[in-house]
**Student:** 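I'd like to ask you about the structure that follows.
Lettering of chains follows the sequences in order, A, B, ..., and the numbering in each one begins at 1. Keep in mind it's a predicted model, so treat the numbers as computed, not measured.
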Amino acid sequence: MAPFVIACVEPHLVPIHFIFIRFLNPVIESIKHDVTHTFSALFLSQPNVFTHQRIRFEDDDITLSPAKDIMLAIRNRCQLNSEDWSPKDKSFGNKNAPYAVFNALDSMLKDSLERLKTMRENISSVKIGLQGYTCENNYIEHTATIRFLCLEGKLGAALWLRRKMVQKGILPDVFTHNHIVNGLCKIGLVEKADWLIREMLEFGPPPSCATFNNLIKAYCVVNTVDKALYLFSIMANTGIQPNRITCNILVHALCQKGLLKEAKKMLEDILHDDDDKDVPDLVTSTIFMDNYFKNGETIEALSFWNEMLQKCAKVDVVAYNVLINGFCKSQQTNIAYGIACEMLKKGLLPDAFTYNSLIGALCKEGNTNEACYIFQVMSKMGIMPDQISYKIMIQGLCFKGDIARAKELLRCMLANLMVPKPLIWNLIIGFYGRCRDASNAFFTRDQMLAFGVRPNVFTYNALVLALLKSGNIYDACSLKEEMPLKGLYPDVITYNLLIGAACNLGRVGFALQLHGEMLQRGYEPDLITYTELLKGFCIRGKMKEAEELYAKILKSGLLTDHVPVQILFNMYCKRKDPVVAFNFYQDWLASKGRGYPY
DNA sequence: ATAGGGTTAG
């Protein structure tokens, strides 16, 4: 992908890089060949291994070819991606880009040389493995491979290799197992990780505190804190002492669920006989401070900060970031700014989180000039803006209507070899949609596709909006039909957009047809759907249907804003039914008094 | 060596 992006950004730089590729390619190819052969030899000595296997687990199964994955794992360390090498799109020529591109080329060169080095090392270690075939060498090599496979997310292969080792009577150590547990959790196979820990408890190696922490964290992430707590109790039963990290994982999860009191209680219980319980843990305090800021309780948050300053040996960048973000979120950007300066004076360097918080706050204030300035400062301080920085800036600029600068930043990303996530493209497309500029919306979508970014439901909804705003309901509907062909499905927003547009055109029949289709496909209409339909009935003067629908809304308990009420009220007024309108209004007030939300 | 807190979310 990287060379492809360079090609698009700076076509005139192609020759330099091309020479570079041409120079390295024969070397790379010969080594790739060498690696493949050495590995084939290694694996072919075991007949069943090379055939593609289907590994079946108790509760799930993953189709994979472990040997291939393992070989790829080794080769990936050596691979230079020279495939996508074609200068296609020349529309991104930008005079400011060469420096960035040279930097990128420079780092790619270093990277490639680095890869060549590891490749040589790998080959020699494989050859040692073949000739010597000592157990110790194999053990080190295999556990390293397992770890690498886990980092790559190839857990099927990692588990397979582990099983092979176990079958040969060699048990990988607890660190290797922890990598597998962590890897399984990262790709969402939490149950599988749970199984592995049970396996470890039964057959060894005995799980460590870190093993449990991995799984406890995973259960918290998928919002099954009860399971995490259960695991916590298992831990105690098996004689493994929970540590600070265990506490922090659980405290964090409980706080996020709004169970602050429970979190504090648990902490007290665990730290009951801890000698230095008077010295607060920096991470724990940071979690509490963040939680209080998020609940809008600034004074409590600050009391944690003061305690940290007094009792902790030193505070760190994360603690400062929580403080800065807290003030940013409460729209006290100047204070946040001041704290960032104080942080610098203490010798703590702000990181991407710090800058992103500040930029976000400035954008929210509408101060995009200042935000742009901080954005530049960030780069000068050596912190490269990440996808989030760009997202915040582009969103702020689009909101302000400054599409020129927003697009400039998009170009900047591409020049820095960052491929913008769909969200960022969607912001630009959404802007054009709101401006009724369907042609630029689709042009941006095409650029997105050209950079290999797949549109998502939000992209389609933005495009549907663009078409509807420019009065083209027919094409908007075709777009909805196109979605399943691309593996995407319209959602409630898509339907609401179309239903709303149909109603505005007075085509209530068509709106109802869409509503029916929505129900048929299993989508639950929401308040917006009903509000749009209500509007449609009122526009066509179908008072009976409107009133029936309103009754349905009331009954469903969906009425959480005043819009449907206002639509009906305006209708009664327009129809010169002042008495009806007044009574309706009175009824609504009374229902509010009885505890209805609106 | 592995595990903990902070920035986005249409």
**Student:** Need one value for V322(A): base, sugar-phosphate or nothing, where a base atom within 4.0 Å counts as base even if backbone is also close, heavy atoms only.
**Tutor:**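 Sugar-phosphate contact only.
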**Student:** Looking at dT8(B), dG10(B), dG5(B), which one has an atom nearest to any side-chain atom of F458(A)?
**Tutor:**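 The answer is dG10(B), which lies nearest to the side chain.
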**Student:** If the plane angle is over 60° it's perpendicular, under 30° parallel, otherwise tilted; pick one for Y320(A) and W305(A).
**Tutor:**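 Correct class here is perpendicular.
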**Student:** Over how many whole Å does the gap from Y390(A) atom OH to dG10(B) atom C1' extend?
**Tutor:**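 For the pair Y390(A) OH and dG10(B) C1', the rounded distance is 21 Å.
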**Student:** Check this for me, if you would: do K227(A) and E191(A) make a salt bridge, where the nitrogen-to-carboxylate-oxygen distance has to be below 4.0 angstrom?
**Tutor:**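 The answer is yes: the pair qualifies as a salt bridge.
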**Student:** Would you indicate which nucleotide in dA9(B), dG5(B), dT7(B) comes nearest to any side-chain atom of K391(A)?
**Tutor:**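 When the side chain of K391(A) is considered, dA9(B) is the closest of dA9(B), dG5(B), dT7(B).
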**Student:** Classify N426(A) by what it touches in the nucleic acid, base, sugar-phosphate, or nothing, heavy-atom distance under 4.0 Å.
**Tutor:**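 Base contact.
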**Student:** Below 6.0 angstrom between ring centroids: does that apply to W425(A) and F458(A)?
**Tutor:**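 Centroid separation for W425(A) and F458(A): 6.0 Å or greater.
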**Student:** So what does N461(A) hit on the nucleic acid, given a heavy-atom distance under 4.0 Å: a base, only sugar-phosphate, or nothing?
**Tutor:**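 No contact.
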**Student:** Rounded to the nearest angstrom, tell me the gap between atom CG in D351(A) and atom P in dT8(B).
**Tutor:**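 Atom CG in D351(A) sits about 13 Å away from atom P in dT8(B).
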**Student:** In terms of side-chain geometry, is the basic nitrogen of R405(A) or E408(A) positioned less than 4.0 Å from the acidic oxygen of its partner?
**Tutor:**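 Answer for the salt bridge query: no.
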**Student:** Assign Q387(A) to base, sugar-phosphate, or nothing according to its heavy-atom contacts below 4.0 angstrom with the strands shown.
**Tutor:**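 Result for Q387(A) = nothing.
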**Student:** Residues from residues 327-335 of chain A sitting under 4.0 Å of DNA chain B, heavy atoms only?
**Tutor:**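 Here the set is K329(A).
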**Student:** Scan D173(A) against the nucleic acid and name what it touches under 4.0 Å (heavy atoms): base, sugar-phosphate only, or nothing.
**Tutor:**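 Touches a base.
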**Student:** For dG5(B), take OP1 and OP2 only and decide whether either is under 4.0 Å from a side-chain N or O of K217(A).
**Tutor:**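 For dG5(B), OP1/OP2 do have a side-chain N/O of K217(A) under 4.0 Å.
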**Student:** On the side chain of D316(A), is there an atom forming a donor-acceptor pair with the base of dG5(B) - under 3.5 Å, no angle test?
**Tutor:**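 Answer is yes: a donor-acceptor pair is held.
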**Student:** Decide yes or no for M418(A) and M384(A): does some side-chain heavy atom of the first lie under 4.5 Å from some side-chain heavy atom of the second?
**Tutor:**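 Sidechains of M384(A) and M418(A): no contact.
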**Student:** Could you check how far CZ of F375(A) sits from P of dT8(B), rounded to whole Å?
**Tutor:**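 Whole-Å distance recorded here is 16 Å.
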**Student:** Quickly work out the N456(A) CG to dA9(B) C1' distance and round it to whole Å.
**Tutor:**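 The distance from CG of N456(A) to C1' of dA9(B) comes to 12 Å, rounded to the nearest Å.
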**Student:** Which nucleotide in the list dG10(B), dG5(B), dT2(B) gets nearest to the side chain of V283(A)?
**Tutor:**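 The listed nucleotide nearest to V283(A)'s side chain is dG5(B).
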**Student:** Test N291(A) against K294(A) for side chain to side chain contact (heavy atoms under 4.5 Å, CB included), laying out the working first.
**Tutor:** CA-CA 5 Å; N291(A) 200 259; K294(A) 282 182 177 147; 5.6 Å; no
**Student:** Check DNA chain B against residues 292-313 of chain A and give the residues with a non-hydrogen atom under 4.0 Å, in numerical order.
**Tutor:**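 Heavy-atom cutoff 4.0 Å gives K294(A).
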**Student:** Could you check whether I249(A) gets within reach of a base, just the sugar-phosphate, or nothing at all, counting any heavy atom under 4.0 Å?
**Tutor:**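 Sugar-phosphate only.
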**Student:** In whole Å, what is the span from the CD1 atom of I324(A) to the C1' atom of dG5(B)?
**Tutor:**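 Rounding to the nearest Å, CD1 of I324(A) and C1' of dG5(B) are 15 Å apart.
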**Student:** Specify the separation, in whole Å, of atom CG of D290(A) and atom C1' of dG5(B).
**Tutor:**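 Computing the D290(A):CG to dG5(B):C1' distance gives 8 Å.
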**Student:** Would D290(A) and N325(A) count as having a side-chain donor-acceptor pair, cut-off 3.5 Å?
**Tutor:**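 No - no donor-acceptor pair under 3.5 Å links their side chains.
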**Student:** Could you work out which one of dT8(B), dA3(B), dA1(B) sits closest to the side chain of C209(A)?
**Tutor:**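 For C209(A), the side-chain atoms sit closest to dA3(B).
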**Student:** Could you state the atom-to-atom distance from CG of L260(A) to C1' of dG5(B) in whole Å?
**Tutor:**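 Going from CG in L260(A) over to C1' in dG5(B) covers 14 Å.
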**Student:** F399(A) has an atom CZ; how far is it from atom C1' of dT8(B), in whole Å?
**Tutor:**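 Rounding to the nearest Å, CZ of F399(A) and C1' of dT8(B) are 16 Å apart.
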**Student:** Using only atom types and a distance under 3.5 Å, with no angle test, would you say the side chain of Q387(A) pairs donor to acceptor with the backbone of V419(A)?
**Tutor:**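 Pair found, side chain donor or acceptor close to backbone of V419(A).
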**Student:** After noting the C-alpha distance and the side-chain angles of F293(A) and F327(A), does the key distance pass the ring pair (Phe, Tyr, Trp, His ring centres under 6.0 Å) rule?
**Tutor:** CA-CA 8 Å; F293(A) 267 126; F327(A) 281 111; 5.8 Å; yes
**Student:** Would one find a side-chain N or O of Q395(A) under 4.0 angstrom from OP1 or OP2 of dA9(B)?
**Tutor:**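 Checking Q395(A) against dA9(B): at least one side-chain N or O falls below 4.0 Å of OP1 or OP2.
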**Student:** Taking the side chain as C-beta and beyond, is there a heavy-atom pair between H177(A) and P205(A) under 4.5 Å?
**Tutor:**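 In short, these two side chains touch, coming nearer than 4.5 Å.
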**Student:** Just to be sure I understand the rule, does I388(A) reach a base, reach only the sugar-phosphate, or reach nothing, if contact means heavy atoms closer than 4.0 Å?
**Tutor:**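 Answer is base: heavy atoms of I388(A) come under 4.0 Å of a base.
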**Student:** Going by modelled atom types, is there a donor-acceptor pair between the base of dA3(B) and the side chain of N214(A) at under 3.5 Å?
**Tutor:**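 No such pair is found, so the answer is no.
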**Student:** Are Y390(A) and F375(A) close enough that their ring centres sit under 6.0 Å apart?
**Tutor:**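 Yes: the rings meet the under 6.0 Å criterion.
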**Student:** Ignoring hydrogens and angles, does a donor from either the side chain of N243(A) or the base of dA3(B) sit under 3.5 Å from an acceptor on the other?
**Tutor:**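 Per atom types, the contact qualifies.
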